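This report concerns only the one structure given below.
If you read the sequence from its start, that first residue is 1, and numbering goes on from there. Values below: every heavy atom of this structure, side chains too, minus hydrogens, waters and symmetry copies. Owing to the predicted nature of the structure, the values given are computational and were not obtained by experimental measurement.
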Amino acid sequence: MLIPHDTRIALDTVVDLVNTAPESEPPPDGTGDGLADIPALYAFAERHHISGVGTLGEKDLAAVRDVRDRFAEVFAAPDPHTAADLVNRLVAAAGTTPQLTDHDGYDWHVHYFAPDASIADHLAADCGMALAFIIVAGEQERLRRCEAPDCGHAFVDLSRNRSRRYCSSRTCGNRLHVAAYRARRKEAGG
């Protein structure tokens with residue numbers, strides 16, 4: 001599957017955004033939430049080189065958390081029609097304004113957000129269109145959750161045969177393989 005550079009960046013961003021959500025309801029102090037406060041939102045924007053962020057406040061934080069929750073629904077969608085409906089609503093609410101740009105040393109690519117868009121609309125538009133690309137390609141099943149029992153992180157399976165099961169083969173995959181090996185050894189009496 002050939003994915004343009006800007007789409008790949010947006011897919012990485014949406015995966016990271018979804019994975020900032022706490023495993024369950026966060027405690028009132030915000031621990032466990034990768035977007036617990038405004039400094040965390042600034043750090044996320046910097047880590048993903050989100051341009052034109054400006055001054056962020058509580059309203060921005062709440063809006064980005066809402067977009068994050070809606071993207072999580074896309075990863076949980078049971079079929080392409082449901083995923084497409086969710087993405088359509090996200091992108092429409094962001095008020096997309098496709099524009100060609102060639103900034104920061106990148107070749108021509110499309111930004112789907114308006115120049116003065118909020119960070120939430122920026123994420124909804126660009127990341128929503130990246131997910132739309134996956135759905136249009138008939139590859140919605142590549143939007144997955146890690147199969148490790150104690151993980152559940154989102155990821156996009158870009159393996160050739162769609163066989164990736166874990167968010168990271170180094171951590172979750174390796175941990176489960178080692179545990180299975182140890183269980184087999186114990187069973188064999190060694």
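- Nearest heavy-atom pair across T96 and A125 is CG2-CB, 3.8 Å.
- Not a single donor-acceptor pair under 3.5 Å links the side chain of E147 to the backbone N or O of C167.
- The side chain to side chain donor-acceptor pair (under 3.5 Å) pairs that include a residue from residues 116-131 number zero, where partners must be two or more places apart or lie in different chains.
- The number of heavy atoms from other shown groups lying within 6.0 Å of CG (D102) is above 12.
- Under the 4.5 Å side-chain criterion, counting only non-hydrogen atoms from C-beta, F75 is in contact with V15.
- At a threshold of 4.5 Å between non-hydrogen side-chain atoms, the residues D33 and R65 count as touching.
- The two residues A36 and L61 have their closest heavy-atom pair at O-CD2, 4.2 Å.
- Side-chain contact between M129 and V91 is present, with at least one heavy-atom pair separated by less than 4.5 Å.
- Every salt bridge (charged side-chain N to carboxylate O under 4.0 Å, His left out) that D66 has, sequence neighbours left out, goes to R70.
- Cluster annotation: L90 is connected to L86 through the hydrophobic network of ILVMFWY side chains, with a link wherever side-chain heavy atoms come within less than 4.5 Å.
- For residues 80-93, the side chain to side chain donor-acceptor pair (under 3.5 Å) pairs, not counting sequence neighbours, are D79-T82, D85-R89.
- Applying the salt bridge (charged side-chain N to carboxylate O under 4.0 Å, His left out) criterion to R144, with sequence neighbours excluded, gives D157.
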Are F71 and L131 close enough, and set up right, to give a side-chain contact (heavy atoms from CB on, under 4.5 Å), and what steps lead you there? CA-CA 9 Å; F71 279 134; L131 293 175; 3.5 Å; yes

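- Atoms OH and NE2, on Y166 and H153 in that order, are 15.5 Å from each other to the nearest 0.5 Å.
- Minimum interatomic distance between R142 and S159 (heavy atoms only, all atoms of both residues): NH1-O, 2.8 Å.
- Residues L17 and V64 have side chains in contact (heavy-atom distance under 4.5 Å, counting atoms from C-beta outward).
- Closest heavy-atom contact between A63 and A120: CB-CB, 3.6 Å.
- Criterion: ILVMFWY side-chain heavy atoms under 4.5 Å apart, direct or through other members. Under it, V74 and V136 are not part of a common hydrophobic cluster.
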Could you check L41 against D37 for side-chain contact (heavy atoms from CB on, under 4.5 Å), going step by step and ending with a plain yes or no? CA-CA 7 Å; L41 182 57; D37 52 25; over 6 Å; no

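- Applying the side-chain hydrogen bond (donor to acceptor under 3.5 Å, both in side chains) rule to N161 yields the partners S163; only residues at least two apart in sequence or on another chain are considered.
- Residues satisfying the side-chain hydrogen bond (donor to acceptor under 3.5 Å, both in side chains) test with T55, not counting sequence neighbours, are none.
- The side-chain hydrogen bond (donor to acceptor under 3.5 Å, both in side chains) test applied to T20 returns R68, not counting sequence neighbours.
- Applying the salt bridge (Lys or Arg N to Asp or Glu O under 4.0 Å) test to pairs two or more places apart or on separate chains, those with a residue in residues 3-13 are R8-D12.
- The list of ring-ring contact (aromatic ring centres under 6.0 Å, His included) pairs with a residue in residues 46-70, not counting sequence neighbours, reads F44-H48.
- The heavy-atom pair separating I135 from A83 by the smallest distance is CD1-CB, 3.7 Å.
- Remark: E141 engages R162 in a salt bridge (charged side-chain N to carboxylate O under 4.0 Å, His left out) (not counting sequence neighbours).
- The salt bridge (Lys or Arg N to Asp or Glu O under 4.0 Å) contacts involving residues 51-63 comprise nothing, where partners must be two or more places apart or lie in separate chains.
- Here the OG-NE2 distance, from S51 to H111, works out to 5.5 Å after rounding to the nearest 0.5 Å.
- For T13 (side chain) and I9 (main-chain N/O), a donor-acceptor pair under 3.5 Å exists by modelled atom type.
- L123 is not listed as a side-chain neighbour of V14, based on a closest heavy-atom distance of 4.5 Å or more.
- Side-chain atoms of N19 come within 3.5 Å of backbone N or O of A154 as a donor-acceptor pair.
- A donor-acceptor distance shorter than 3.5 angstrom exists from the side chain of Y42 to the backbone of L56, with no hydrogens or angles considered.
- Annotation: the span from Y112 atom OH to C127 atom SG amounts to 12.0 Å, rounded to 0.5 Å.
- Every residue was checked against the salt bridge (charged side-chain N to carboxylate O under 4.0 Å, His left out) condition with R160, not counting sequence neighbours, and none meets it.
- Between F113 and Q99, the shortest heavy-atom contact is O-NE2, 3.4 Å.
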